[in-house]
Amino acid sequence: MVWVKNGFNSFYIDETEVTNKKFHQFVKATRYVTTAEKDFILTNQLGKKIKQKKGSLVFYQPKNRVAANPTSWWVFIEGADWRHPLGPNSSIKGLENHPAVHISWEDANSYATFYGKRLPTIEEWEVAAISKKHQQQTGNIWQGIFPYLNSLKDGFLNTAPVRSFNPNDKGIYDLSGNVWEWCKEGNPDNKNEAAIKGGSFLCNNSYCTAYKNLTTRFADKKSSFQHIGFRCVAN
């Protein structure tokens, strides 16, 4: 972990996102079952409750230009979870040093608590992310025209192994791009949502520029996506 000074307060923050290897160690020690690995009740547009098999949201790359609507590129895949990031026929073999994804806010909190840590506040995350370095490419983002054309100039279509790009001047990696990261705070306008920071491998100048500023977005605490992970802090 890296020590960060914040005014009269200070804290430690993980150098990288929590990787598949580290999350696997946590699951092995606790037998924890993530949100994406549980069946759940879904309420449809008519208000009817439907039992939905376990799974998560996976990015689907359209072949042609589509309307700027997330439903055009996100697909719920039964059997997708942190062990199977692209669906039931995929695995994390060879992805041990990639960020663990399909992690809900509840999952991230459970991991942090087990290790005597916690999720960062928005302020802590932003303090850690502020850097005097000005680099042309600071992280894993979408290069091309989102969501149908990716030049793969950086070599990564999806997540990249942690430490693939240079750290900031505090020695912290991947605070820009790769995966969104959960923060401690909830959404003041929606108690079911929590803050996410940093952008992901899907961020691009033509659609989502959150990777290069201190923008805060929110996601449902029970949701899981292929592009959301986390890192921890400690007092």
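Everything quoted here is computed from the prediction, not taken from an experiment.
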Item to check | Ring geometry between Y111 and Y115 (parallel below 30°, tilted from 30 to 60°, perpendicular above 60°) | outcome: tilted
Checklist entry - Relative to the ring of W82, is the ring of H24 parallel (under 30°), tilted (30 to 60°) or perpendicular (over 60°)? => result tilted
Checklist entry - Strictly by modelled atom types, are T216 and K197 linked by a side-chain donor-acceptor pair under 3.5 Å? => result yes
Next on the checklist: When you compare the side chains of S110 and D107, does any donor N or O come within less than 3.5 Å of an acceptor on the partner?
Outcome noted: no
Sidechain-backbone polar pair: [X] side chain, [Y] backbone, donor-acceptor under 3.5 Å:
X	Y	value
N168	G171	yes
E181	E17	no
H227	S200	no
W182	I103	yes

With rounding to the nearest 0.5 angstrom, report the [atom1] to [atom2] distance, [X] to [Y].
X	Y	atom1	atom2	value
I141	D154	CD1	CG	7.5 Å
I228	I196	CD1	CD1	4.5 Å
F201	N150	CZ	CG	10.0 Å
W105	F218	CH2	CZ	12.5 Å

Next on the checklist: Just to verify, what does R163 make a salt bridge (Lys or Arg N to Asp or Glu O under 4.0 Å) with, not counting sequence neighbours?
Outcome noted: E15
Checklist entry - Looking at K117, K22, R231, which one forms a salt bridge (charged side-chain N to carboxylate O under 4.0 Å, His left out) with D14? => result K117
Next on the checklist: Would you say NZ of K38 has more than 12 non-hydrogen atoms from neighbouring residues, nucleotides or ligands within 6.0 angstrom?
Outcome noted: yes
Next on the checklist: Between K191 and K221, does the side-chain contact (heavy atoms from CB on, under 4.5 Å) criterion hold? Intermediate values first, please.
Outcome noted: CA-CA 9 Å; K191 66 179 182 180; K221 294 177 180 179; 5.7 Å; no
Item to check | Same cluster (ILVMFWY, side-chain, under 4.5 Å), L119 and Y32 | outcome: yes
Next on the checklist: Please determine whether ring pair (Phe, Tyr, Trp, His ring centres under 6.0 Å) holds for the pair F146 and W73, giving the CA-CA distance in whole Å, both sets of side-chain angles, and the decisive distance to 0.1 Å.
Outcome noted: CA-CA 10 Å; F146 185 82; W73 53 81; 5.0 Å; yes
Checklist entry - In the hydrophobic clustering (ILVMFWY, side-chain contacts below 4.5 Å, transitive), which residues join Y12, or is it alone? => result M1, W3
Checklist outcome for this item: Apart from V179 itself, members of its ILVMFWY cluster (side-chain separation under 4.5 Å) are V101
Item to check | side-chain contact (heavy atoms from CB on, under 4.5 Å) involving S56 - partner list, sequence neighbours excluded | outcome: A36, A80, H102, S224
Checklist outcome for this item: Sequence neighbours excluded, the answer for side-chain contact (heavy atoms from CB on, under 4.5 Å) partners of E185 is T121, I122, C183
What side-chain donor-acceptor pairs closer than 3.5 Å can you find for residues 58-66, not counting sequence neighbours?
residue	atom	partner	partner atom	Å
Q61	NE2	Y148	O	3.1
R65	NH2	Y148	OH	3.3

Checklist entry - Which of these, N158, N178, T159, N20, sits in a side-chain hydrogen bond (donor to acceptor under 3.5 Å, both in side chains) with H98? => result T159
Please examine the side chains of [Y] and [X], heavy atoms only from C-beta on, and report whether any two atoms are closer than 4.5 Å.
X	Y	result
K222	F40	no
T19	P161	no
I92	F23	no

